[in-house]
Student: 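Sharing a structure, written as C-alpha cells. Questions coming.
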Amino acid sequence: MEKERQIIHMDQDAFFVSVEIRKNPKLLGKPVIIGGGGDRGVVASCSYEARKYGVHSAMPGRTAKLLCPQAIFLRGDMEEYSQASHEITEIIADKVPLFEKASIDEHYIDMTGMDRFFGCMKFASELRQTIIKEMSLPISFGLSINKTVAKIATNESKPAGERQVTFPELRPFLDPLAIHKIPGIGHATYKKLSEMGVRQILTLTQIPQQLMFKILGQHGLSLWQKANGIDLAPVVPYRERKSIGTQATFESDTMDMAKLKAIITGMVTGLTFQLRNQKKLTACITVTVRYTNFETVTQQERIPYTSLDSFLISKAHSLFEKVYAKRMLLRLVGVKLSHLVSGYEQMGLYNIAEEEYSLYQAMDKVRNSYGAEAVVKACIVTQPPRDEKGKVIKYNPRKKKVLIENTNGEEEKEPEVRKRSKIRSFMSEKGTIGTKSYD
C-alpha cells in the first residue's frame, strides 16, 4: 500500500548560488543572482536574499535589476555546478539501496521496508549532514509516502530544513497550502484555477474528477490526485550510463572534412531535439569514427548539463578533430549523448540571449508538427541543382514529361523522376545509412 512507502526527496538549497558562496564566502547573506547579465540575459538562479525582492529563475535580467538594484550578478560556471552534482550523487549512491536523480540538484530515495532496520527519518537526517559536511553545501529534504508529498515537504522546509509527513498528517499538511505548491502547476494552469476561485489545495480536492478532466484533461486528473496526496509513480533506479546516440555508415568511404562535420552537426541537432522533447539534459558527449580498415576510435568529454544545439555542436566538432587523427578514409561516424538526467536548460549560464532559447522552442514546435527535417541547419542541406549558367533549376509540378534531346538530334519522352523533399541532409543525399541507439 502507498501509505507504507517511505520516499525521501533531497534538494539542494539555491544550488548554483551555494556553489558560488562556497568559493567566495563573502557572498553569504547577500542578494546574489546567477545569469541575467547583459541586456537580454535571463536569471538562472538566485539567493534567498534576492528572492525576498521578487526575483526568481527564468526572469529577464533587466527585471531582476529593477527589483533588486543592489544584487550581485555572476555569470556562473555550469561545469563547476555539474561537478558538484556528480559528487553529491556519488555520496547518495554509496549510502542508499535505490535512488533516482530527478535533476541536477535533486534526488528521490526509496527507503520502503528499511525502517525495520533503522528509522528512515534518522537515516535521512544523517545523510543530509554527511552531504553538508563533505560538500559544504546546504541541502533540505522531505520524507513522506510518495514523491509528490515528499517534494512539497522539502519545499516547505527550505532553506536548510528537514520535514516528515506521515500518512495521518497528510490532509492537515496539504489542505492549507496554495495550489501552486503542487508540482506540475504552471502559470497558465494556476491562472485558470484561480479564476475559478480555486487557490487552496483543500478547494481543489473538493472539485469532482469529471469536472477537472473537462477543464484540464488528463493533466487535471493528475493534479486532482496529487492534491489528494495520491502518487503511485515509482522511484526510477538511476543509471549513469543512460544515453541516446546515432551513427552513419557511408556507402563510399570519405575524408571530406566539410561533409563529415556537416553530418555531425545534423546528428547533434537531431539528438538535442530528442533531449528537449524528453525533458532531458546530458552531461557527456562521445564521438566515434571508424576508419576504412575497420579500426574504431572514440573520444568523450564530460560537460555541464545541457541540451543546447550550439554548445553541443561545438563540443562534437572539437572531439571529432581530436579523434580523427590518422587522416585516413572514414566509413562511419557517430555521436552519443549520455549521463542523462531529467530537467530543463538553465538559462543565462552560457551567455546566450533569451532569443536563442525562444528560437529552439519555435524550431521544436515546427518539428513536432511537420517532422524532424522541417527545420534543419543550413550546412547540412544539399545545394539545389543548377543549369549550365548557374541558375537554380526550378521544379514544375504541372509538367508531366521531360523532353530530352538524344545524340541523334531526335526528341524522346521520358517519365519525370518524382520530386524529393527540398530538405535533404548529407545522410540521405550522399548514400549514408543512419542508425539510432538507446541505452
Side-chain angles (χ1 to χ4, degrees), residues 42 44 58 78 82 101-104 186 239 241-249 259-288 300-320 332-350 352-382 420-430 432-439:
V42 179
M78 196 63 187
S82 296
K101 187 166 185 174
S103 69
I104 188 173
R239 294 191 302 139
R241 298 306 302 176
K242 195 187 319 181
S243 65
I244 60 174
T246 184
Q247 63 184 32
T249 303
K259 169 185 170 180
L260 291 167
K261 285 192 173 183
I263 291 173
I264 290 172
T265 297
M267 289 178 169
V268 173
T269 54
L271 294 174
T272 53
F273 171 57
Q274 294 178 51
L275 280 184
R276 292 191 293 271
N277 269 353
Q278 298 171 18
K279 300 179 178 60
K280 299 284 187 181
L281 301 173
T282 179
C284 184
I285 181 170
T286 304
V287 173
T288 301
Q300 73 174 26
E301 181 178 343
R302 291 292 289 265
I303 56 175
Y305 284 111
T306 185
S307 62
L308 289 177
D309 291 26
S310 55
F311 182 80
L312 289 167
I313 288 171
S314 175
K315 286 294 181 182
H317 286 176
S318 176
L319 288 174
F320 174 70
L332 175 147
V333 293
V335 177
K336 183 174 74 172
L337 304 178
S338 56
H339 302 84
L340 308 185
V341 298
S342 299
Y344 296 91
E345 195 66 50
Q346 297 293 337
M347 295 186 291
L349 293 184
Y350 296 98
I352 295 174
E354 185 178 357
E355 281 81 355
E356 184 164 347
Y357 293 99
S358 299
L359 175 61
Y360 289 140
Q361 293 174 346
M363 289 167 58
D364 291 347
K365 187 175 181 179
V366 172
R367 288 167 175 162
N368 284 322
S369 298
Y370 301 102
E373 286 193 344
V375 181
V376 296
K377 291 279 186 180
C379 65
I380 67 174
V381 177
T382 303
R420 298 178 62 187
S421 169
K422 290 182 179 179
I423 302 172
R424 307 175 192 172
S425 68
F426 278 110
M427 283 175 276
S428 61
E429 183 72 10
K430 299 299 181 180
T432 60
I433 304 169
T435 61
K436 295 180 181 178
S437 63
Y438 302 86
D439 293 338

Student: Within the side chain of His339, is there an N or O that forms a donor-acceptor pair under 3.5 Å with the backbone of Arg302?
Tutor: no
Student: Could you tell me if the side chain of Leu281 sits less than 4.5 Å from the side chain of Ser307, heavy atoms only?
Tutor: yes
Student: What is the distance from atom CG of Leu308 to atom CZ of Arg276, rounded to the nearest 0.5 Å?
Tutor: 7.5 Å
Student: Is any side-chain heavy atom of Thr282 closer than 4.5 Å to one of Leu271?
Tutor: no
Student: Considering all heavy atoms of both residues, which atom of Ile264 and which atom of Ala316 are nearest to each other, and what is their separation?
Tutor: CG2-CB, 3.6 Å
Student: At what distance, to the nearest 0.5 angstrom, does CG of Leu312 lie from CD1 of Ile303?
Tutor: 4.5 Å
Student: In the structure I gave you, are the side-chain heavy atoms of Phe273 and Asn277 within less than 4.5 Å of one another anywhere?
Tutor: yes
Student: If every non-hydrogen atom of His317 is compared with every non-hydrogen atom of Thr265, which pair is closest and at what distance?
Tutor: NE2-OG1, 3.0 Å
Student: Say whether, by atom type as modelled, one donor and one acceptor occur between the side chain of Ser318 and the main chain of Ser314 under 3.5 angstrom.
Tutor: no
Student: If you define the side chain from C-beta out and look only at heavy atoms, does anything of Lys280 sit under 4.5 Å from Leu337?
Tutor: no
Student: Starting at CD1 of Ile285, measure out to CD of Gln300 and round the result to the nearest 0.5 Å.
Tutor: 10.5 Å
Student: Once you round to the nearest 0.5 Å, how far does OH of Tyr305 lie from CD1 of Ile104?
Tutor: 6.5 Å
Student: Could you check whether any side-chain heavy atom of Ile313 comes within less than 4.5 Å of a side-chain heavy atom of Thr269, counting everything from C-beta outward?
Tutor: yes
Student: Are Gln247 and Leu332 close enough that some pair of their side-chain heavy atoms sits under 4.5 Å apart?
Tutor: yes
Student: So, taking the atom named CD1 in Ile244 and the one named CG in Leu275, what distance separates them when rounded to the nearest 0.5 Å?
Tutor: 4.0 Å
Student: From Glu301 CD over to Thr286 OG1, what is the distance, rounded to the nearest 0.5 angstrom?
Tutor: 10.0 Å
Student: State, to 0.1 Å, how close Pro304 and Ser82 come at their nearest heavy-atom pair, and which atoms those are.
Tutor: CA-OG, 3.0 Å
Student: Determine whether Lys315 and Val335 make a side-chain contact, defined as any pair of heavy atoms from C-beta on separated by less than 4.5 Å.
Tutor: no
